[in-house]
Amino acid sequence: MHPLILVLNGPNLNLLGTREPATYGHETLADIAELCRRTGERHGLAVEFFQTNHEGELIERIHAARGRCAGILINPAAWTHTSVAIRDALAAVELPVIEVHLSNVHKREAFRHHSFVSPIALGVIAGLGSNGYRLGLEHFAQLLKGIHHDQ
Ligand code: DQA
């Protein structure tokens with residue numbers, strides 16, 4: 001059986017495609033889900049894709065990943081900058097976490113420069129649009145095959 005990677009998306013990402021396209025592009029969340037599914041297929045990963053606008057629901061999905069998933073790729077969206085609870089949930093399940101953002105948060109408003117998640121993440125990808133999801137999944141595939149990159 002292929003290792004399972006959980007791809008999680010936080011609030012407002014369900015609006016992708018129509019939401020501030022100059023910042024987030026024209027792809028919809030369904031397009032990104034499909035990209036993740038295809039990337040997983042190509043690299044021997046099973047991918048579970050989930051989006052919610054409810055913080056507690058995201059936390060419960062993170063808890064349920066323990067012992068079931070090999071890693072979590074997460075775009076916490078606005079909760080990146082506000083949620084100690086999501087960071088604590090991710091730390092609690094002791095799985096490798098890759099944080100991804102469509103936009104380059106460091107080039108935007110100052111309140112987007114701090115992430116509660118980054119300190120517990122294996123790595124962070126920002127500003128590469130949906131390609132960031134693909135690259136994050138490819139990194140998990142390499143990691144699971146035992147291919148290591150020196151820092
Ligand atoms: C985002 C960046 C966040 O600052 C913002 O709140 C989002 C999306 C991104 O993917 O670029 O909703 O995570």
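Computed from a predicted model, the values in this text were never measured in an experiment. We're numbering straight along the sequence, starting at 1. Counting starts at 1 for both ligands and their atoms, in listed order.
For atom 7 (C) of ligand 1, the nearest non-hydrogen atom of the protein is Tyr24 OH, 3.5 Å. Protein heavy atom closest to atom 9 (C) of ligand 1, with residue, atom name and distance, is Leu102 N, 3.4 Å. Protein heavy atom closest to atom 3 (C) of ligand 1, with residue, atom name and distance, is His81 NE2, 3.5 Å.
At a heavy-atom distance under 4.0 Å, only side-chain atoms of Asn75, from C-beta outward, approach ligand 1. At a heavy-atom cutoff of 4.0 Å, ligand 1 is contacted by the side chain of Arg19 but not by its backbone. Under 4.0 angstrom from ligand 1, the non-hydrogen atoms of Val105 all belong to its side chain. When non-hydrogen atoms are compared, ligand 1 lies under 4.0 Å from the backbone of His101 as well as from its side chain.
Relative ring orientation between His113 and His106 is described as tilted, the plane-to-plane angle lying within the 30° to 60° band.
When atom types are taken as modelled, the side chain of Glu55 and the backbone of Trp79 share no donor-acceptor pair closer than 3.5 angstrom.
Under a 4.0 Å N-O distance rule, the pair Arg38/Glu41 does not qualify as a salt bridge. Ion pair Arg87/Glu99 not flagged as a salt bridge, since none of the NZ, NE, NH1 or NH2 atoms sits closer than 4.0 Å to an Asp/Glu carboxylate oxygen.
For the pair Arg61 and Phe50, the cation-pi test (distance below 6.0 Å, angle within 45°) is passed.
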- Item | Stepwise ring pair (Phe, Tyr, Trp, His ring centres under 6.0 Å) check, Phe116 with His114 | CA-CA 7 Å; Phe116 282 105; His114 177 260; 4.7 Å; yes
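For the 3.5 Å distance criterion, the side chains of Asn12 and Tyr24 fail to qualify, holding no donor opposite an acceptor.
Near Ser103, with a cut-off below 4.0 Å to any heavy atom, the atoms of ligand 1 are 2 (C), 9 (C), 11 (O).
Of the N or O atoms in Ala78, one or more lie within a sub-3.5 Å distance of an N or O in ligand 1.
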